[in-house]
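Please read the structure below before turning to the comments.
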Amino acid sequence: MISSALRALLQRVESLCVLTGAGISAESGVPTFRGAEGLWSKFKPQELANFEAFKRNPELIWEWYNYRKKIIRETGPNPAHYALVRFEELVTDFTLVTQNVDNLHFRAGSKKVLELHGNIERNFCLDCRKDADNVDVSVDKKLPQCSFCGGLLRPAVVWFGEMLPAEIFEQAAEAARRCQLFLTIGTSAAVYPAAGLPLMALQHGAYVVEINTEKTDISHLVNEILSGKAGEILPELVKIIEESKQK
Ligand code: OAD
């Protein structure tokens, strides 16, 4: 149920910041991390999502990333991703920040995406640090190698214990501080610093709305909760903005 305050704000919003998490891709069939069906209930982050693990057993980590890439490549964006493309077209100052590495925002057509945790489709060389995008890193035969220096490639994602790309996070923080409306969508708000963005927005006077199928650690702090699936709720919000533009 969308409140009249949110409806009125959407009708005049000029500055909107959105943070997405794994839940926005759930309706595309991409598994989330937490929760009963989440990846972290079956796999251990300390064995898969850190650099030490990669150094210890790169074959295993590449196998895990190829498994996830296969799921992502076999699916596509859902109505929630497409709704965010419309937001970008409709709202003058729009910032999309994601914790997801699944590339689905770009595949939907979003032009600018601040990827806090990297992108599973990109890689870089551990030796010369050069990017190695669009390579097929199937590890059926051998580990993926850099075409420049022969070094070992790794996925360009942020693992536990690693720093977020500072410049991208700063752009996200600036958007959170200046926006009128902040939407936190499909994230458990359990991983910082990303989870700090809605709190930053609150501190700077934004109206913060959480869109999630469940309660999260920050639900008690936000201004409004839209409980349900992102793919159903976001198109409704888009419709409100579109109708206001037609008047
Ligand atoms: P989580 O798996 O922690 O949370 C997913 C959230 O999405 C949960 O709160 C669900 O209730 C919600 N959800 C599920 N289906 C939904 C739907 N259809 N519509 C709306 N909400 C839905 O994922 P993140 O918060 O993104 O980090 O996790 C944050 C980080 O933890 C990830 O980026 C990853 C992980 O470890 C790294 O890899 C560094």
Side-chain angles (χ1 to χ4, degrees), residues 2 18-54 61 64-65 67-69 71-72 75-84 96-105 108 113-122 154-166 168-169 172 183-199 208-222 224-238:
I2 300 165
V18 168
L19 172 68
T20 65
I24 198 165
S25 300
E27 289 157 78
S28 296
V30 181
T32 60
F33 293 96
R34 293 167 189 83
E37 293 300 310
L39 289 169
W40 294 155
S41 68
K42 301 185 190 85
F43 305 98
K44 293 199 176 80
Q46 60 273 28
E47 283 170 17
L48 294 166
N50 67 68
F51 186 59
E52 289 308 311
F54 184 72
I61 308 305
W64 149 254
Y65 274 89
Y67 156 75
R68 288 174 59 200
K69 277 209 270 207
I71 295 173
I72 291 162
T75 184
N78 68 58
H81 297 102
Y82 291 119
L84 297 185
L96 172 53
V97 187
T98 190
Q99 299 165 86
N100 298 345
V101 298
D102 61 23
N103 205 32
L104 288 178
H105 287 305
V113 186
L114 299 178
E115 295 180 315
L116 296 179
H117 293 163
N119 185 313
I120 201 167
E121 293 295 345
R122 293 200 288 267
R154 64 160 276 182
V157 299
V158 176
W159 283 324
F160 288 103
E162 294 183 325
M163 296 290 286
L164 268 61
I168 292 176
F169 185 75
L183 306 179
T184 170
I185 306 168
T187 172
S188 58
V191 175
Y192 283 79
L197 292 169
L199 309 179
V208 177
V209 178
E210 180 172 75
I211 299 171
N212 202 306
T213 47
E214 286 167 32
K215 286 258 159 58
T216 75
D217 291 353
I218 62 160
S219 295
H220 63 293
L221 298 170
V222 302
E224 183 161 341
I225 296 172
L226 297 178
S227 182
K229 292 183 175 176
E232 291 167 11
I233 294 169
L234 286 171
E236 285 184 49
L237 304 191
V238 167

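Start at 1 and go down the list; that is how both ligands and their atoms are numbered.
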message = Would you compute the distance between atom CG of L237 and atom CD1 of I211 and round it to the nearest 0.5 angstrom?
response = 5.0 Å
key: Contacts of type ring pair (Phe, Tyr, Trp, His ring centres under 6.0 Å), residue Y82, not counting sequence neighbours   = none
task = For F33, enumerate each residue passing the ring pair (Phe, Tyr, Trp, His ring centres under 6.0 Å) test, keeping only those at least two apart in sequence or located in another chain.
result = W40
Salt bridge present between R122 and E115 (N-O < 4.0 angstrom) = yes
inquiry  = Can you list every protein residue that has a heavy atom under 4.0 Å from any atom of ligand 1, sorted by chain and residue number?
reply    = G21, A22, G23, A26, E27, T32, F33, R34, W40, Q99, H117, V158, F160, G186, T187, S188, V191, N212, T213, E214, G228, K229, A230
request  = List in chain and number order the residues that pass side-chain hydrogen bond (donor to acceptor under 3.5 Å, both in side chains) with N100, two or more places apart in sequence or in another chain; answer none if no residue qualifies.
outcome  = none
request  = For residues H81 and A108, report the shortest heavy-atom separation together with the two atoms involved.
outcome  = CB-CB, 3.7 Å
